[in-house]
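To start, the structure itself, in structure tokens.
These numbers come from a predicted model, not from an experiment. Computed over heavy atoms, backbone and side chain alike; hydrogens, waters and symmetry mates excluded.
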Amino acid sequence: MPSASGTTPGKLPFVVWVLAAGTFLMGTTEFVVAGLLPELAGDLGVSVSQAGLLITAFAIGMIVGAPTMAMATLRLPQRRTLILALSVFCLGHLVAALSTSFTVVLLARLVTALATGAFWSVGFVVATTAAGPRNATRATGVMIGGLTLANVVGVPIGSFAGQFTGWRGPFWALAVLSGLAAAFIGRFIPAQEQRAEVSLRAEVRALRQGRLWLALGAAILIMGGVLATYTYVTPLLTDRAGIPAGAVPLVLIAFGVGALGGTTTGGRLGDRRPMATTITAATATALVLLLMIPLSTNPVTATLLVFLMGLTGFTVNPVVTALAMRFAGDAPTLTSALTTSAFNVGVAAGSAIAGTALDSSLGLSGPPLVGTVIAALTLLPLIALAVSGPSHKGRIVARSSAHTHARRDEPGQVPSQH
């Protein structure tokens with residue numbers, strides 16, 4: 001039987017896949033820099049650790065942009081917000097591709113990240129509204145899947161292309177593709193005016209949930225641990241494991257495949273046993289990052305560990321995202337944005353601390369060591385959630401269009417992702 005949203009259980013509306021394509025582009029731009037650090041550093045006249053600030057800056061822009069833009073656009077038409085975000089995203093890449101100044105490129109990344117934050121916060125809510133309550137978590141998984149697929153396809157292709165065209169080539173490509181995506185979204189998202197289902201005060205009131213902050217804390221720490229290592233994985237692979245620069249994109253594909261597998265695993269297992277799944281995955285992530293310190297001198301073991309880093313780390317993501325949305329109750333918009341911000345707090349903090357460690361006497365062992373410590377700390381909020389008992393009754397409610405209304409999920413369950 002069709003749900004109240006007009007979709008049948010297990011079947012997602014086309015607009016969800018369109019939005020996932022947008023998250024694919026934005027995931028690619030966030031992480032493609034990791035595979036282009038040496039080229040960027042050489043062309044812009046900075047050190048590799050300084051070039052890593054381009055990842056940190058993007059994450060900071062997402063941290064600020066997601067909640068700020070979510071609230072600023074709460075009563076704006078969804079289609080207009082998404083098209084505007086993609087247009088700014090396109091412009092930011094054009095400015096970066098044309099510039100020879102590291103400072104200008106850094107600022108362009110910040111502006112691009114603000115637009116990305118707006119797209120993510122609104123896009124998640126549009127997707128869950130279109131999918132309906134029965135398919136809301138699956139729609140969230142598809143949106144996250146767009147980001148994960150960026151690591152499988154977008155980042156390796158961008159890194160590979162950058163070796164032939166220079167780092168500017170991938171930036172030009174992202175500018176063109178985001179312009180096309182803006183036109184595509186303008187075509188497939190209805191142009192109806194939307195209204196806020198809950199007030200700004202209700203959105204802020206949802207932040208009083210202590211368990212929500214534990215879920216967000218886990219999101220920060222697991223992503224911080226993984227990205228502390230991943231940001232500087234290229235010099236680790238080339239200088240320590242002895243992998244040729246031309247083969248690095250293949251290793252990045254291995255990471256992406258692992259991340260895609262982790263996202264799928266988390267969605268499947270975390271549906272029934274969320275705490276057991278996240279605690280096991282976080283423990284495994286810390287162990288994998290620790291083993292990377294002594295075992296990354298061999299190309300085979302280094303590649304295997306990069307794959308496992310993606311597999312174990314990304315298993316946590318869909319589970320803590322679903323938990324955060326459930327703990328938010330009737331005010332999901334700000335929580336959706338804060339979840340995006342939380343992951344990027346981890347990206348910013350992890351990459352910044354790892355960059356400092358890279359420049360210290362620890363050298364190439366610094367980033368995985370930092371990652372190990374941060375990933376291990378993920379266990380603290382997860383264990384606190386586990387001992388605090390079953391989740392309170394809640395529902396996932398998306399910002400709705402004039403004719404779309406959300407229904408309550410079954411109480412006491414984390415929404416399924418199939």
Side-chain angles (χ1 to χ4, degrees), residues 23-24 27-28 30-31 34-35 140-156 159 218-234 236-237 241 243 248-296 298-322 343 346-347 350 367-368 370-379 382 417-418:
T23 64
F24 170 81
T28 298
E30 181 165 14
F31 300 123
T140 299
V142 170
M143 290 284 286
I144 294 177
L147 174 63
T148 308
L149 191 62
N151 287 297
V152 181
V153 179
V155 172
S159 301
I220 291 171
L221 291 167
I222 193 64
M223 190 56 67
V226 172
L227 265 293
T229 306
Y230 183 75
T231 298
Y232 300 102
V233 74
T234 296
L236 181 74
L237 294 173
I243 295 175
V248 169
L250 298 177
V251 182
L252 298 182
I253 290 175
F255 174 83
V257 171
L260 185 61
T263 300
T264 303
T265 301
R268 301 286 185 180
L269 300 181
D271 181 23
R272 296 176 178 83
R273 302 180 63 86
M275 302 322 305
T277 300
T278 51
I279 290 172
T280 301
T283 302
T285 302
L287 180 60
V288 167
L289 295 177
L290 181 62
L291 290 174
M292 195 170 287
I293 299 173
L295 300 181
S296 61
N298 180 279
V300 175
T301 56
T303 301
L304 177 61
L305 288 169
V306 169
F307 165 78
L308 292 175
M309 176 174 67
L311 178 66
T312 57
F314 276 73
T315 296
V316 179
N317 294 357
V319 186
V320 294
T321 299
F343 284 123
V347 174
V370 169
T372 300
V373 174
I374 298 176
L377 289 174
T378 308
L379 293 171
L382 290 177
Q417 180 178 343
H418 297 296

Give the intermediate values and the outcome of side-chain contact (heavy atoms from CB on, under 4.5 Å) for residues Thr312 and Thr315.
-> CA-CA 5 Å; Thr312 57; Thr315 296; 5.5 Å; no
Looking only at non-hydrogen atoms, find the nearest pair between [X] and [Y] and report the distance.
{"X": "Pro318", "Y": "Thr263", "value": "CG-O, 3.5 Å"}
{"X": "Val319", "Y": "Gly266", "value": "CG2-O, 3.4 Å"}
{"X": "Ser159", "Y": "Leu252", "value": "OG-CD1, 3.5 Å"}
{"X": "Ile374", "Y": "Gly350", "value": "CD1-CA, 4.2 Å"}

Donor-acceptor pair, side chain of Thr378 and main chain of Ala218, under 3.5 angstrom = no
Check whether any side-chain N or O of Thr280 sits under 3.5 Å from a backbone N or O of Thr277 as a donor-acceptor pair, and report yes or no.
-> no
Measuring from atom [atom1] of [X] to atom [atom2] of [Y], what distance do you get when rounded to the nearest 0.5 angstrom?
{"X": "Leu311", "Y": "Thr265", "atom1": "CG", "atom2": "OG1", "answer": "6.0 Å"}
{"X": "Leu291", "Y": "Thr372", "atom1": "CG", "atom2": "OG1", "answer": "8.5 Å"}
{"X": "Met309", "Y": "Thr285", "atom1": "CE", "atom2": "OG1", "answer": "9.5 Å"}
{"X": "Leu304", "Y": "Phe307", "atom1": "CG", "atom2": "CZ", "answer": "7.5 Å"}
{"X": "Ile243", "Y": "Ser296", "atom1": "CD1", "atom2": "OG", "answer": "9.5 Å"}
{"X": "Phe343", "Y": "Ile220", "atom1": "CZ", "atom2": "CD1", "answer": "10.0 Å"}

Anything under 3.5 Å between a donor and an acceptor, one on a side chain of residues 221-230, the other on a protein residue two or more places apart or in another chain? List them.
none

Should Thr234 and Leu237 count as side-chain neighbours, where that means a heavy-atom distance under 4.5 Å?
-> no
Taking side chain as C-beta onward, heavy atoms only, is Leu260 less than 4.5 Å from Phe314?
-> no
Test applied, side chain to side chain contact (heavy atoms under 4.5 Å, CB included); reference residue, Val288; option that passes from Leu308, Thr283, Val306 = Leu308
